[in-house]
Amino acid sequence: MSKLEKYWVLYDVGNSAFTLLVSTIIPIYYKNIATAAGVSAADSTAYLSYAISLSTLIVALLGPFLGTVADRKNHKKPLFTFFMMMGVIGCAGLAIPKSWIWFLAIFIIAKVGFSGSLIFYDSMLVDVTTDERMDEVSSQGFAWGYIGSCVPFIISLVLVLGSDAIGISGAMAMILAFGINAVWWLGVTIPLLKNYEQKYYVEIEQESVKEVFGRLAHVLAEVKENKKVLLFLVAFFFYIDGVYTIIEMATSYGKDVGISDTNLLVALLLTQIVAFPCAIIFGKLAKRFQTGKLISVCIVAYFAVAVYAIWLDRAWKFWMMATFVGVFQGAIQALSRSYFAKIIPKEKASEYFGIFDIFGKGASFMGTMLMGISTQLFDTSKAGVIVIAFMFVVGFFFFRLQCHVDDAKVGQEEGVSLAEEGF
């Protein structure tokens, strides 16, 4: 990879530390605080779902507007820096509150910063590499993100699980853990901040709110007319719903079915380790097989994971699920990101990724919200898992429909070409 590609990949290494916290230590720490305050297991899981849903809804609503602004010359880096710092400061701030309500409030701030930064980060892909290398570079980002995030996570795990042996309190261990992950996130992002230059942008003579909304309306009209992009976004909405919900709610769900904290943490660490080579492998496979076919395989695999989770009641079963998730987790996210980047106008990358974020974050909002509602209605987290499994079915249908429309278009174009040549 080029230096700029490596610097771009490093941000995945940084923000993935927070992602790993969200799926491991944060829900365990939060649920322990909530349990101490007398909140039931089902209710605490539901409240965490609602907090995640609110943070994703905020970013989904802001995404298209921010993406439109970011496509102006030299606007992308400042916006990226602002949201990245919001996430970093929020991550460090999670160590402060002792009340579960205030903990969720700061968590929402950190999550908005994290998710907001990804709008601009994902759109940077068109500036740092070429179409031919997008699948591989995007996959490298997720791959190194998974393995790199293990560094601060293992240090945090040693502090949290070995606080007594080290001679510090559990509260101090958590403060240090959140601080270490925040510093890691910021530190590995610095090379990208120093070297990134916005290559593609839209030339605008004057800047006004009316102009921004006018361009946004124009892009939305373009998406509506482009069946390939529109159907992909609909499919992405449904299948990524299940992926994000599994990532964010796996630990909380595991606690509800009786898996110990230690088993949960170690199993999810295993997910990161397995995901590292598998994400790279899928990036390489994209050179030999159509990206669409690889994404289809990942959707089917995730449906199997969701069905398997319904019968999850032992630690070894959770370990098996964590391993299987690791094989496909990075691949489906990386290939979806690069697939979308290749089918949109590069000079409008931030605008389109802002819309991409609506469907991604909107899906996460719906998935976590439905899981929270289902859990409270039926008093079991397994009801929510059934809903998530259904989302993969719908996502697969629309994705294959999108591939069919694309293939039909290619066939039509080839027919026109042959006709022009006299065949």
Side-chain angles (χ1 to χ4, degrees), residues 1-22 70 76-77 79-81 83-85 87-88 91 113-154 181-200 247 271-287 291 294 326-342 346 349-350 353 356-357 360:
M1 291 188 291
S2 68
K3 285 186 177 180
L4 189 56
E5 288 173 342
K6 291 177 182 177
Y7 297 151
W8 183 84
V9 165
L10 276 175
Y11 186 68
D12 252 326
V13 175
N15 72 63
S16 292
F18 179 73
T19 303
L20 190 52
L21 282 183
V22 170
K76 193 179 294 186
K77 186 191 289 188
L79 286 168
F80 166 74
T81 303
F83 280 91
M84 180 272 296
M85 288 304 302
V88 168
C91 179
F114 162 78
S115 300
S117 72
L118 294 182
I119 297 174
F120 316 108
Y121 170 67
D122 288 344
S123 68
M124 288 176 181
L125 184 59
V126 302
D127 297 310
V128 302
T129 191
T130 62
D131 282 0
E132 294 75 22
R133 292 182 52 76
M134 278 186 186
D135 287 325
E136 183 172 1
V137 173
S138 182
S139 297
Q140 291 278 355
F142 276 102
W144 287 103
Y146 286 128
I147 201 69
S149 64
C150 291
V151 176
F153 177 72
I154 291 173
N181 281 271
V183 170
W184 173 270
W185 186 355
L186 176 61
V188 298
T189 306
I190 292 175
L192 180 62
L193 294 177
K194 282 186 173 183
N195 295 276
Y196 170 76
E197 295 293 337
Q198 190 170 346
K199 185 177 179 182
Y200 297 99
I247 291 173
T271 300
Q272 305 298 107
I273 296 172
V274 172
F276 170 63
C278 290
I280 293 177
I281 289 170
F282 270 92
K284 300 292 185 183
L285 288 174
K287 294 180 179 180
T291 307
L294 295 176
V327 174
F328 299 98
Q329 182 170 290
I332 195 169
Q333 294 179 86
L335 295 177
S336 296
R337 177 169 63 186
S338 57
Y339 188 89
F340 187 70
K342 287 187 287 187
K346 291 181 174 56
S350 294
F353 269 102
F356 181 80
D357 204 65

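Count residues from 1 along the sequence.
- Taking each heavy atom of Cys91 and Leu21 in turn, the nearest pair found is SG-CD1, 3.9 Å.
- Side-chain atoms of Trp144 and Phe276, non-hydrogen and from C-beta on, do get closer than 4.5 Å to each other.
- Side chains of Phe80 and Leu193 form a contact here, defined as non-hydrogen atoms less than 4.5 Å apart.
- Rounded to the nearest 0.5 Å, atoms CD1 (Ile147) and OG (Ser16) are 11.0 Å apart.
- Taking the ring pair (Phe, Tyr, Trp, His ring centres under 6.0 Å) definition, one finds that Trp8 meets it with Tyr121, sequence neighbours left out.
- Scanning all heavy atoms of the two residues, the minimum distance from Ala334 to Ser138 falls at O-OG, 2.8 Å.
- In this structure, OH in Tyr7 is found 12.5 Å from CD1 in Ile190, a value given to the nearest 0.5 Å.
- Side-chain atoms of Ser149 and Val13, non-hydrogen and from C-beta on, never get closer than 4.5 Å to each other.
- With sequence neighbours excluded, the residues forming a side chain to side chain contact (heavy atoms under 4.5 Å, CB included) with Leu186 are Met84, Met85, Val88, listed by chain and number.
- Take Lys284 and apply the salt bridge (Lys or Arg N to Asp or Glu O under 4.0 Å) test, not counting sequence neighbours, and it matches Glu136.
- For the atom pair OG of Ser2 and CZ of Arg133, the computed distance is 7.0 Å after rounding to the nearest 0.5 Å.
- Nearest heavy-atom pair, Asn15 versus Asp12, reported as atom, atom and distance to 0.1 Å: ND2-CA, 3.5 Å.
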I'd like to know whether Glu132 forms a salt bridge (charged side-chain N to carboxylate O under 4.0 Å, His left out) with Lys287, so could you lay out the CA-CA distance, the side-chain angles of the two residues, the decisive distance to 0.1 Å, and finally the verdict.
CA-CA 9 Å; Glu132 294 75 22; Lys287 294 180 179 180; over 6 Å; no

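- The heavy-atom pair separating Val126 from Ser123 by the smallest distance is CG2-O, 3.2 Å.
- Residues Asp127 and Glu197 have side chains not in contact (no heavy-atom distance under 4.5 Å, counting atoms from C-beta outward).
- Partners of Ala286 by side chain to side chain contact (heavy atoms under 4.5 Å, CB included), not counting sequence neighbours, listed by chain and number: Asp135, Thr291, Leu294, Leu335.
- Looking at heavy atoms from C-beta onward, Asn181 lies out of side-chain contact with Phe18 at the 4.5 angstrom threshold.
- Listed by first and then second residue, the side chain to side chain donor-acceptor pair (under 3.5 Å) pairs involving residues 183-195 are Tyr11-Trp185 (not counting sequence neighbours).
- Between Arg337 and Asp122 a salt bridge is recorded (basic side-chain N to carboxylate O distance below 4.0 Å).
- Expressed to the nearest 0.5 Å, how far CG of Leu192 lies from NZ of Lys6 amounts to 14.5 Å.
- Proximity of Lys76 to Met124: side-chain heavy atoms (C-beta onward) are separated by under 4.5 Å at one or more points.
- Atom OG1 in Thr19 sits 12.5 Å away from atom CZ in Phe153 (nearest 0.5 Å).
- Among residues two or more places apart in sequence or in another chain, the side chain to side chain contact (heavy atoms under 4.5 Å, CB included) test is passed with Ala279 by Ala143.
- A heavy-atom distance below 4.5 Å is not found between the side chains of Phe83 and Ile119.
- A donor-acceptor pair under 3.5 Å links the side-chain atoms of Lys77 to the main chain of Tyr196, judged by distance alone.
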